[in-house]
Participant: 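Structure incoming, see below.
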Amino acid sequence: MSVLRVGNASGFYGDRFDAMREMLTGGPLDVLTGDYLAELTMLILGRDRLKNPDAGYARTFLRQLEECLGLAHARGVKVVANAGGLNPAGLADAVRALADRLGIPVRVAHVEGDDLTAAHPGTLAAHAYLGGFGIAECLRAGADVVVTGRVTDAALVTGPAAAHFGWQPTEHDRLAGAVVAGHVLECGAQATGGNYAFFRDGDVRRPGFPLAEVHADGSCVITKHDGTGGFVDVGTVTAQLLYETGGARYAGPDVTVRLDTVRLTQDGPDRVRIDGVRGEAPPPTLKVGLNRLGGFRNEVAFVLTGLDVEAKAALVRAQMEPALGEVADVRWDLVRTDRPDAGTEETASALLRLVVRDPDPEKVGRALSGAAVELALSSYPGFHVLAPPGKGAPYGVFEAAHVPQDAVDHVAVLDDGRRVPVAPAKDTAVLEAVPEPPPPPPLPPGPTRRAPLGLVAGARSGDKGGDANVGVWARTDEAWRWLAHELTADRLRELIPEARDLPVTRHALPGLRALNLVVEGILGEGVAAQARFDPQAKALGEWLRARHVDIPEVLL
């Protein structure tokens with residue numbers, strides 16, 4: 001059968017608004033997908049639903065469709081998005097109303113069954129990660145637009161591919177190939193040079209969005225529309241493959257992908273072929289994301305300029321102490337951004353960041369704000385803050401749980417109202433770690449030079465609940481021979497002091513010349529809790545690349 005061209009127009013709720021139009025007008029497509037959900041987004045939508053039971057979906061998607069639904073219909077492009085969030089039925093009705101108002105005859109279907117909030121008392125939102133076969137049922141029944149709630153990001157590609165090629169749930173290798181394609185696409189421009197370690201390799205001022213040419217055997221080519229910005233090469237695809245993954249087995253509701261079988265080949269300018277992907281039976285359980293309100297937080301950043309930074313910090317901490325005595329969680333961080341004999345006031349200044357959290361909003365509200373403001377004329381010389389502290393704001397906590405596959409009523413709701421149950425996977429296998437493969441032979445001994453790790457390795461990092469992963473890859477076989485021996489779990493703990501007392505698991509992926517290092521607990525209770533300076537660990541990999549190590553001169 002023909003190649004299925006699947007594009008992406010959104011990597012998160014708030015991504016570039018005109019990407020949908022760009023993808024529809026930039027070249028041929030069969031399916032246009034959009035990923036609008038993240039762990040933090042589910043919490044935001046949950047708070048929206050508290051205010052309005054009819055809310056809970058990504059409103060941006062509707063505004064994009066108002067401009068682009070006619071384009072998609074005229075070009076015969078199916079639209080598949082998880083923008084339904086906590087209310088996919090409500091979004092499907094809103095799309096139908098929009099289509100009627102615009103006079104565009106489209107069939108709209110949705111997928112539901114992921115909402116398990118009622119089974120998890122005390123949560124704001126509890127949603128299982130569904131696979132792609134509900135989407136496939138909707139498309140097989142003729143839907144032009146399919147909206148879902150919480151499905152895996154890759155399901156936005158596996159569903160259309162399964163529908164187009166007639167794949168069955170037991171065709172694990174084909175499904176695994178589509179999962180890899182979906183994982184590369186799901187973060188939008190991250191596959192086309194955005195957020196890329198070696199961004200200077202091309203013009204990434206306005207990278208285009210990616211698309212995958214998916215074949216019947218599950219292989220694909222990652223590319224982008226001609227004339228769009230950014231670039232696609234083995235490095236950009238490798239970076240995205242490593243993003244928010246873990247070991248060699250990458251589990252999902254439809255299939256477990258063996259990431260150690262992925263082969264990447266440059267197939268021409270802005271074209272990377274992915275093949276060789278093997279799949280295994282999925283695990284017998286589904287992941288469930290639990291979001292709850294954790295309490296209230298507030299923060300203030302004191303600016304310490306010039307001399308005696310440490311003494312100034314000690315003074316203000318002592319002055320604030322009486323107001324913080326009953327607060328449940330108090331965190332001080334002194335960020336030494338100051339330089340001696342600085343040429344600007346900004347570069348002469350350090351930041352003392354105070355973050356407080358407590359179940360009682362009053363303890364982190366006026367009590368903190370008043371105490372900080374009252375110091376304005378009675379503290380260290382040069383006293384000022386980046387912004388006046390406000391009242392305490394609610395923060396969220398994310399946890400992951402698991403339920404049996406058959407505990408979820410996965411349903412495709414068609415345009416005519418028919419409800420088609422989607423059976424859980426029957427062929428399952430308990431997930432087990434893959435033994436780490438033997439390392440490549442080390443480089444011969446030779447002179448080394450102290451230099452940043454990033455001169456010879458790329459990295460991309462991200463969050464999964466309270467954990468962070470850092471994917472690190474080498475650009476040459478010689479650099480891989482060195483990296484595989486240099487960057488152990490213990491070495492990461494040395495280079496990233498925050499991880500020194502935390503569990504770190506290293507996974508080697510020789511086919512990608514890559515290591516994936518998972519640091520457990522470094523993000524506390526997850527991004528919504530904002531427990532650290534970089535709460536989603538987006539820049540953790542870049543910090544690691546900036547650390548100096550002894551690199552063989554032959555690599556420099």
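Computed from heavy atoms alone, side chains included, the values below leave out hydrogens, waters and symmetry copies.
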Participant: Please confirm whether the backbone N or O of Gly247 pairs with a side-chain atom of Asn516, one donor and one acceptor, at under 3.5 Å?
Facilitator: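 Checking the backbone N and O of Gly247 against the side chain of Asn516, no donor-acceptor pair under 3.5 Å is found.
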
Participant: Nearest 0.5 Å, please: how far is CZ in Arg339 from OG in Ser349?
Facilitator: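 The distance works out to 11.5 Å.
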
Participant: Please determine if Arg491 and Asp550 form a salt bridge, counting it only when a charged side-chain N lies under 4.0 Å from a carboxylate O.
Facilitator: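 Here Arg491 does not pair with Asp550 in a salt bridge, since their nearest N and O are not under 4.0 Å apart.
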
Participant: Within a strict 4.5 Å, meaning less than it, do heavy atoms of the Asp333 and Val355 side chains meet?
Facilitator: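 Asp333 does not reach Val355 side chain to side chain.
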
Participant: When you check the gap from the basic side-chain N to the acidic O, do Arg500 and Glu494 get nearer than 4.0 Å?
Facilitator: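 No, this pair does not count.
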
Participant: State whether the side chain of Arg460 and the backbone N or O of Gly471 hold a donor-acceptor pair below 3.5 Å, judged by distance alone.
Facilitator: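 Side chain of Arg460 to backbone of Gly471, a donor-acceptor pair under 3.5 Å: no, none is there.
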
Participant: Within the 4.5 Å heavy-atom criterion, are Asp48 and Asn52 side-chain neighbours or not?
Facilitator: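 They are not in contact (no side-chain heavy atoms under 4.5 Å apart), so the answer is no.
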
Participant: Report, as yes or no, whether the 6.0 Å neighbourhood of atom CG on Asp501 holds more than 12 heavy atoms from other residues, nucleotides or ligands.
Facilitator: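 No, because the 6.0 Å sphere around CG of Asp501 holds 12 heavy atoms or fewer from other groups.
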
Participant: Can we say Lys363 and Asp329 salt-bridge, meaning some charged N sits less than 4.0 Å from an Asp/Glu carboxylate O?
Facilitator: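 Between Asp329 and Lys363 there is no salt bridge, as every charged N stays at least 4.0 Å from the carboxylate O atoms.
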
Participant: If we only count heavy atoms from C-beta on, is the Glu478 to Val554 side-chain gap below 4.5 Å?
Facilitator: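 Side-chain contact under 4.5 Å: no.
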
Participant: Using a cut-off of 6.0 Å, state whether more than 12 heavy atoms not belonging to Arg450 lie near its atom CZ.
Facilitator: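 Buried by this count: over 12 neighbours within 6.0 Å.
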
Participant: With a 3.5 Å distance limit and no angle check, can you tell me whether His384 reaches the backbone of Gly382 through a side-chain donor-acceptor pair?
Facilitator: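 Yes.
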
Participant: Restricting to non-hydrogen atoms, name the atom on Ala400 and the atom on Lys287 that form the minimum distance, rounded to 0.1 Å.
Facilitator: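 Ala400 and Lys287 have their closest heavy atoms at CB-CE, 4.1 Å.
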
Participant: Establish, yes or no, whether the cationic atom of Arg353 lies under 6.0 Å from the six-membered ring centre of Phe533 and within 45° of the ring axis.
Facilitator: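 That pair does not qualify as a cation-pi contact.
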
Participant: Do the side chains of Glu186 and Leu156 get nearer than 4.5 Å, heavy atoms only?
Facilitator: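 The answer is no; the side chains never approach within 4.5 Å.
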
Participant: How long is the gap from CG on Asp114 to OG1 on Thr152, to the nearest 0.5 Å?
Facilitator: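 With rounding to 0.5 Å, CG (Asp114) is 11.5 Å from OG1 (Thr152).
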
Participant: Please check if atom CZ in Arg547 has more than 12 non-hydrogen atoms from other residues, nucleotides or ligands closer than 6.0 Å.
Facilitator: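 More than 12 within 6.0 Å, yes.
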
Participant: Is the Tyr250-His183 ring centre distance short of 6.0 angstrom?
Facilitator: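 Ring centres of His183 and Tyr250 closer than 6.0 Å.
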
Participant: Less than 3.5 Å apart, which donor and acceptor atoms pair up between the side chains of residues 433-440 and the rest of the protein, not counting sequence neighbours?
Facilitator:
unit_1: Glu436; atom_1: OE2; unit_2: Arg506; atom_2: NE; d: 3.2
unit_1: Glu436; atom_1: OE2; unit_2: Arg506; atom_2: NH2; d: 2.7

Participant: Determine the minimum heavy-atom distance between Ile274 and Val184, stating which atoms define it.
Facilitator: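 So the minimum-distance heavy-atom pair works out to CD1-CG2, 4.2 Å.
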
Participant: Is a side-chain N or O of Ser10 found less than 3.5 angstrom from the main chain of Gly34, in a donor-acceptor match?
Facilitator: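 Pair absent, no side-chain N/O of Ser10 close to backbone of Gly34.
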
Participant: Which pairs with one or both residues in residues 302-325 pass salt bridge (Lys or Arg N to Asp or Glu O under 4.0 Å), sequence neighbours excluded?
Facilitator: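 Checked against salt bridge (Lys or Arg N to Asp or Glu O under 4.0 Å) - neighbours excluded - the pairs reaching residues 302-325 are Glu310-Arg336.
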
Participant: To the nearest 0.5 Å, what is the distance between SG (Cys187) and CG (Asn8)?
Facilitator: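 Result: 8.5 Å between the selected atoms.
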
Participant: Checking Leu116 against His127 for the side-chain contact (heavy atoms from CB on, under 4.5 Å) test, could you report, in this order, the C-alpha distance in whole Å, the side-chain angles of both residues, the deciding distance, and whether it holds?
Facilitator: CA-CA 5 Å; Leu116 302 181; His127 290 258; over 6 Å; no

Participant: Starting at CZ of Phe398, measure out to CG of Asn291 and round the result to the nearest 0.5 Å.
Facilitator: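 Separation between the atoms: 6.0 Å.
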
Participant: Report all side-chain donor-acceptor pairs from residues 230-239 shorter than 3.5 Å, counting only partners two or more places apart or in another chain.
Facilitator:
unit_1: Asp233; atom_1: OD1; unit_2: Gly235; atom_2: N; d: 2.9
unit_1: Asp233; atom_1: OD1; unit_2: Thr236; atom_2: N; d: 2.9
unit_1: Thr236; atom_1: OG1; unit_2: Ala191; atom_2: O; d: 3.1
unit_1: Thr236; atom_1: OG1; unit_2: Asp233; atom_2: N; d: 3.1
unit_1: Thr236; atom_1: OG1; unit_2: Asp233; atom_2: O; d: 3.0
unit_1: Thr238; atom_1: OG1; unit_2: Val234; atom_2: O; d: 2.7

Participant: Quick one: does any side-chain atom of Asn195 pair with a main-chain N or O of Gln190 as donor and acceptor, under 3.5 Å?
Facilitator: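 Here the side-chain-to-backbone pair does not exist.
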
Participant: Under a 4.0 Å N-O cut-off, is there an ion pair linking Arg206 with Glu22?
Facilitator: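 Judged by the 4.0 Å cut-off on N to carboxylate O distance, Arg206 and Glu22 do form a salt bridge.
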
Participant: Would one find more than 12 heavy atoms of other residues, nucleotides or ligands at under 6.0 Å from atom CG of Leu386?
Facilitator: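 Yes, because the 6.0 Å sphere around CG of Leu386 holds more than 12 heavy atoms from other groups.
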
Participant: Can you tell me if Asn298 uses its side chain to pair, donor with acceptor, with the backbone of Val356 under 3.5 Å?
Facilitator: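 Flag not set: sc Asn298 to bb Val356 has no pair under 3.5 Å.
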
Participant: List in chain and number order the residues that pass side-chain hydrogen bond (donor to acceptor under 3.5 Å, both in side chains) with Asn82, two or more places apart in sequence or in another chain; answer none if no residue qualifies.
Facilitator: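 Partners of Asn82 under the side-chain hydrogen bond (donor to acceptor under 3.5 Å, both in side chains) test: Asp35.
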
Participant: Would a distance-only check, ignoring hydrogens and angles, find a side-chain to backbone donor-acceptor pair under 3.5 Å from Thr347 to Asp338?
Facilitator: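 Absent.
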
Participant: Count the heavy atoms belonging to other residues, nucleotides or ligands that lie under 6.0 Å from CZ of Arg493, then report whether that count exceeds 12.
Facilitator: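 Yes, enclosed.
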
Participant: CD of Glu520 to CG of Asp467: how many Å apart, nearest 0.5 Å?
Facilitator: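 If I round to the nearest 0.5 Å, the distance is 5.5 Å.
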
Participant: Students often mix this up, so state it plainly: with edges at 30° and 60°, are the rings of Phe198 and Tyr196 parallel, tilted or perpendicular?
Facilitator: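 Aromatic pair Phe198/Tyr196 classed perpendicular.
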
Participant: Which of parallel (below 30°), tilted (30 to 60°) and perpendicular (above 60°) describes Phe302 and Trp332?
Facilitator: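 Rings of Phe302 and Trp332: parallel, as their planes differ by under 30°.
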
Participant: Is the backbone of Asp360 close enough, under 3.5 Å, to the side chain of Asp358 for a donor and an acceptor to pair up by distance?
Facilitator: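 Indeed, once roles are kept as given, a pair shorter than 3.5 Å links the two residues.
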
Participant: Just so I know, are the side chains of Val303 and Val385 near enough to count as touching, which here means a heavy-atom distance under 4.5 Å?
Facilitator: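 A side-chain contact under 4.5 Å is absent here.
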
Participant: Is atom CD of Glu553 surrounded by more than 12 heavy atoms (other residues, nucleotides or ligands) closer than 6.0 Å?
Facilitator: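 Atom CD in Glu553 is crowded, with more than 12 foreign heavy atoms closer than 6.0 Å.
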
Participant: Assess whether side chain to side chain donor-acceptor pair (under 3.5 Å) is satisfied between Thr117 and Asp115, documenting all intermediate values.
Facilitator: CA-CA 6 Å; Thr117 307; Asp115 192 346; 2.7 Å; yes

Participant: Would you say the side chain of Phe296 lies within less than 4.5 Å of the side chain of Arg357, judging by non-hydrogen atoms?
Facilitator: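 They are not in side-chain contact.
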
Participant: Just by distance, do the side chain of Arg297 and the backbone of Pro394 share a donor-acceptor pair under 3.5 Å?
Facilitator: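 No, Arg297 side chain to Pro394 backbone: no donor-acceptor pair under 3.5 Å.
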
Participant: Test salt bridge (charged side-chain N to carboxylate O under 4.0 Å, His left out) on Asp18 and Arg16; report intermediate values, then the result.
Facilitator: CA-CA 6 Å; Asp18 57 4; Arg16 203 160 77 213; 3.6 Å; yes

Participant: Is Asp203 paired with Arg200 through a side-chain N to carboxylate O contact shorter than 4.0 Å?
Facilitator: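 No, Arg200 and Asp203 are not salt-bridged.
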
Participant: What's the spacing between Leu62 CG and Arg59 CZ if we round to 0.5 Å?
Facilitator: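 The CG atom of Leu62 sits 10.0 Å away from the CZ atom of Arg59.
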
Participant: Are Leu286 and Tyr129 packed together at the side-chain level, in the sense that at least one heavy-atom pair is separated by less than 4.5 angstrom?
Facilitator: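 In short, these two side chains do not touch, never coming nearer than 4.5 Å.
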
Participant: List the atom of Leu515, the atom of Leu483, and the distance in Å for their closest heavy-atom pair.
Facilitator: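 Heavy atoms only, the tightest pair is CD1-O, 3.8 Å.
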
Participant: Can you sort out the partners of Lys224 under salt bridge (Lys or Arg N to Asp or Glu O under 4.0 Å), two or more places apart, ordered by chain and number?
Facilitator: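 Salt bridge (Lys or Arg N to Asp or Glu O under 4.0 Å) list for Lys224, sorted by chain: Asp270.
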
Participant: Please evaluate residues Thr60 and Phe17 with respect to the criterion side-chain contact (heavy atoms from CB on, under 4.5 Å), reporting the C-alpha separation (whole Å), side-chain torsions for both, the decisive distance (0.1 Å), and the verdict.
Facilitator: CA-CA 8 Å; Thr60 304; Phe17 185 86; 3.8 Å; yes

Participant: List for me each residue that meets ring-ring contact (aromatic ring centres under 6.0 Å, His included) alongside Phe61, sequence neighbours excluded, and say none if there are none.
Facilitator: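 Phe61 satisfies ring-ring contact (aromatic ring centres under 6.0 Å, His included) with Tyr36 only.
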
Participant: So, applying side chain to side chain contact (heavy atoms under 4.5 Å, CB included) with Leu517, which one of Leu540, Asn469, Val504 is it?
Facilitator: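 The passing option is Val504.
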
Participant: His225 side chain to Met23 main-chain N or O, any donor-acceptor pair under 3.5 Å?
Facilitator: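 Yes, the answer is positive, given that a donor and an acceptor are paired below the 3.5 Å cut-off.
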
Participant: Report yes if some heavy atom in the side chain of Leu32 is under 4.5 Å from a heavy atom in the side chain of Met20; otherwise report no.
Facilitator: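 In contact.
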
